[in-house]
2 protein chains.
Amino acid sequence: MALNRAGRDVPSQIDGYGPVIPFMGHDARKPEGNRAGGKLKATFNDRTDKTVKDIKEAIRASGLRSGMTVSFHHHLRNGDYVVNQVIDACAEMGIRDLTIFPTALFGVHKALIPHIKSGVISRIMGSVNGPIGQLASEGGLQSPVVLRSHGGRPRAVIAGDVKIDVAFIAAPSADRYGNLSGRLGRSACGSLGYAVTDADGADCVVAVTDNLIPFPLTPVSINQTKVDFVVVVDSIGDPAGIVSGTTQVTRDPMRLLIAHHAAALIESSPYFKEGLSFQTGAGGISLAVAAYVREVMRKRAIKGSFGLGGITSFFVDMLNEGLFERLMDVQSFDLVAVKSIAENLNHVEISADWYANPWNSGAVVNMLDTVVLGATEVDRHFNANVNTEADGALLHGIGGHQDTASGAKLTIITTPLLRGRIPCVVDDVYTVTTPGSVVDAIVTEFGVAINPLRQDLIDAAKEAGDVPLVTVDELAERARKTSGPMEPVATKDRIIGVVEWRDGSVIDVVRQLDR
Amino acid sequence: MALNRAGRDVPSQIDGYGPVIPFMGHDARKPEGNRAGGKLKATFNDRTDKTVKDIKEAIRASGLRSGMTVSFHHHLRNGDYVVNQVIDACAEMGIRDLTIFPTALFGVHKALIPHIKSGVISRIMGSVNGPIGQLASEGGLQSPVVLRSHGGRPRAVIAGDVKIDVAFIAAPSADRYGNLSGRLGRSACGSLGYAVTDADGADCVVAVTDNLIPFPLTPVSINQTKVDFVVVVDSIGDPAGIVSGTTQVTRDPMRLLIAHHAAALIESSPYFKEGLSFQTGAGGISLAVAAYVREVMRKRAIKGSFGLGGITSFFVDMLNEGLFERLMDVQSFDLVAVKSIAENLNHVEISADWYANPWNSGAVVNMLDTVVLGATEVDRHFNANVNTEADGALLHGIGGHQDTASGAKLTIITTPLLRGRIPCVVDDVYTVTTPGSVVDAIVTEFGVAINPLRQDLIDAAKEAGDVPLVTVDELAERARKTSGPMEPVATKDRIIGVVEWRDGSVIDVVRQLDR
């Protein structure tokens, strides 16, 4: 048994995945060779309309065959109709044994389960949020799910680890020559940042839209030089599932306390100053942290440089108030963000590559001061698990967790000490998503544990005086006492999930539940 | 002797160029394989400032060595200081035998001549406008100059024909992490479209700027993920040479007559209708054609879709007047165009790949209705020469000539019948830049010759009644009678210029002058 640098026992070869590159430290692996790109094509003026009549026609035209790899993006989130439509069509056309490479799947994609069972889909590389994750956890997929971060995924494409045969891009707007945008249309989703590298690396690109507009569509998210076919369908998604109305700050007092502690930590740090940059998630605690930070920025008359990540109305308000100069948006979470990216030149669409890929000349995460992240659990080594739940089920993707944790100067994980009777600060996380070497602090309602690697932050917090410092061991101890002894997760040997570190090495695996 | 499909005697191998793929027809060659990309790099948050202290430091950091290939763009035109500064630095550092791969060189680059003579530069792939073209014509370069069109050049990069070791990108604005823009700064040039594919394909990218602005610069022309080093210098160029004040319509009555005939031809064609698209050059006749077309568009209340190409104030006015919906801009010719692209969302920056590359999924030229081009001479086969002058000297680049001629539905070449005593319509052009198979009409002050391949246009022109139709043979005859017999160009056998068709095949060669 050889442990990788995250202390995990990962075999050197995994059935349905292949040879494993063991995780060797968060910035250790260096690439060789050159970027891979999609197929060269000659395109002349004898075909100035790329529209085809339906998805089946596009599949035929694309050359998609059994055994190939197809990619999708998740900007339409739980409102997406495109993945299901495409796979339904493949099934009807007798195409089987597909590897699907979505950025993420959601509840709406439970419609894929029959196609998994019948062998139309044999492998999933991508985040499996919810029902398909549950299915995978119970051994329902032929091959392990491969999880990659938002930056790790484009890295895998440009490094040639994943060859996309056909990319299907849900496009809220398109013109007949294949210029695509997420800004306009009844299914508008704002940024199309996750799809950009797919368009670059795929051998064939099919856009699926419900809003065909005159050529040339501008401004474009993905331009005509990469798009081969355009299919117009009745609807690419359900607007109610695509964007939430508005994202809300938590009202729960315990969660507000956590947020308050996190904000105090940020304010105590050397990164709270003119020109700061900041990312939070769209969760209630994260937004509450943003709200506290905003208050202090106003009070101390500090202006930020940029807000990053999945963008919410909260960050849009900060932009409009002048608290940020720019928003860098890989994913627009709510209606306000969608409207803002369409209208405000300082609200900038960025690709996942630009956002987070560790293997280019520099992603935005490297310029990030502070990120506030969540986790299902963290441990005494500051490792974070965002993939599996307490019962061992693989229910969540990595998102930008690894990338922002690696890039930011101050990485904070906020978590209640327990969720119900389940401890969230433990001795050892069940799955290592993000190693403790890039996590600077764990913030709970019972105090803030700063990673001993960051004595500078500990000193600054002590000096500030209002950060309730604790040790991570104290937190784990307290959680254990409250919860009482926990049953270990019972698993079979079979690996059903492979968690890649953003550089393509394997940081951990997830095994089939024994039920 | 084997002639290629343009009827030219081109050897199968050329010293200093390599094996020749003979031109086989304008849309004949199809690519194989996948797009080539630049080197993969791992970039983490331990280096958040890419600035280096000077050009020499950047050269050292880039790993540039003797024998390598360096690229440049020509958006700063005759105002550019960057090419000379970089090559001066290379010479001082003892680097030799460089292949330089500029999009184009101008008069200001005559400063490179000593470096050519001393062996610092051994090969030039790019347009050589003026003095270096003259030097090449007289045999002053070790290897033939390789000429590519605006679309053929990015094709060569993505097809892997040219591997750029280091791209030097003159950037009118940059931030410290390598986001670049042509819109802002005292050396603003508008679009940076020619440099985009260089940034994509080069193993190392060095930005040279005289205007460092806070991160994150937006909107960007080329983003940080492709840029490795940023050098701040006192000045990247002379604004007076970068952009002209305003571009002017000709006042010469003969040229106005040519423009008038061209406009009549356009109006007679099926492409003069709602939603038309249009490209002209920045020359006096071209602008006069645009002025006439604008008049008719106003009179007949026709609104265009897009104006394309190198953009002048003339097209900006048409955009602002609502005669175009969009401008697609690969190169901004004057101050008005620079200002417009910086402020107007409907004035869109496009890369040379997007503009004109025949080997992607579709360039804008394929959507173009009408293009008005010039030539140094045309012939009875409708072939056009834009590279060599009557004395056989290679003084001009291809520009977008091949690309727009191939892509547009109506390709018009305007030319006086003679320039001085030199006939411009001849039996056979001295150099074939663009084959007659993609040229639809030649327009002179003595009438309009439509290519017999386009009987539809001849019929439409006859029906319109105001297009003075002639045959190309009549034009050539008349030119010959006026000029009297011409001396043939005296050359040596040695090939000093290779004219690639946009697909990478060789359409013609240029031989050393015998003087």
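Keep in mind the model is a prediction, meaning the values are calculated, not measured. Here is the naming used below: chain letters follow the sequence lines, and residue numbers restart at 1 for every chain.
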Problem - Passing candidate, side chain to side chain contact (heavy atoms under 4.5 Å, CB included) with A:Ser361, options B:Lys226, B:Gln224, B:Lys50 - result: B:Lys50
Contact class of [X] relative to chain B, heavy atoms under 4.5 angstrom:
X	result
A:Val348	side chain
A:Asp46	neither
A:Ala408	backbone
A:Val220	side chain
A:Arg47	neither
A:Asp200	both

Practice task
Using a cut-off of under 4.5 Å on heavy-atom pairs, state which of A:Leu368, A:Ile158, A:Asn360 scores highest against chain B.
Solution key: A:Asn360
Completion exercise
With chain B, the option among A:Asp503, A:Val364, A:Asn346 that has the most non-hydrogen atom pairs under 4.5 Å is A:Val364
Exercise for the section: Quick one: which residue pairs count as a salt bridge (Lys or Arg N to Asp or Glu O under 4.0 Å) with a foot in residues 351-369 of chain A, not counting sequence neighbours? Expected result: A:Asp369-A:Lys409
So which heavy atom on [X] is nearest to which on [Y], and how close?
X	Y	answer
B:Thr218	A:Leu345	OG1-O, 4.2 Å
B:Trp354	A:Thr225	CA-CG2, 3.4 Å
A:Tyr177	B:Ala363	CE2-O, 3.5 Å

Completion exercise
Across all chains, not counting sequence neighbours, the side-chain hydrogen bond (donor to acceptor under 3.5 Å, both in side chains) partners of B:Ser437 are B:His26
Handout entry: Residues forming a salt bridge (Lys or Arg N to Asp or Glu O under 4.0 Å) with B:Asp27, sequence neighbours excluded
Key = none
Problem - Portion of B:Phe215 that has a non-hydrogen atom of chain A nearer than 4.5 angstrom - result: both
Practice task
Enter the distance from A:Leu217:CG to B:Glu325:CD here, rounded to the nearest 0.5 Å.
Solution key: 12.0 Å
Problem - CE on B:Met367 to CG on A:Asn179, rounded to 0.5 Å - result: 8.5 Å
Fill in the blank from the handout: Ranked by heavy-atom pairs below 4.5 Å to chain A, first place among B:Val205, B:Val227, B:Asn357 goes to B:Val227
Exercise for the section: Please confirm whether the backbone N or O of A:Thr48 pairs with a side-chain atom of B:Asn366, one donor and one acceptor, at under 3.5 Å? Expected result: no
Problem - Residues of residues 30-44 of chain A within contact distance of chain B, non-hydrogen under 4.5 Å - result: A:Lys30, A:Pro31, A:Glu32, A:Gly33, A:Asn34, A:Arg35, A:Ala36, A:Gly37, A:Gly38, A:Lys39, A:Leu40, A:Lys41, A:Ala42, A:Thr43, A:Phe44
Problem - Note, A:Pro216 side chain near B:Met328 side chain (heavy atom, < 4.5 Å) - result: yes
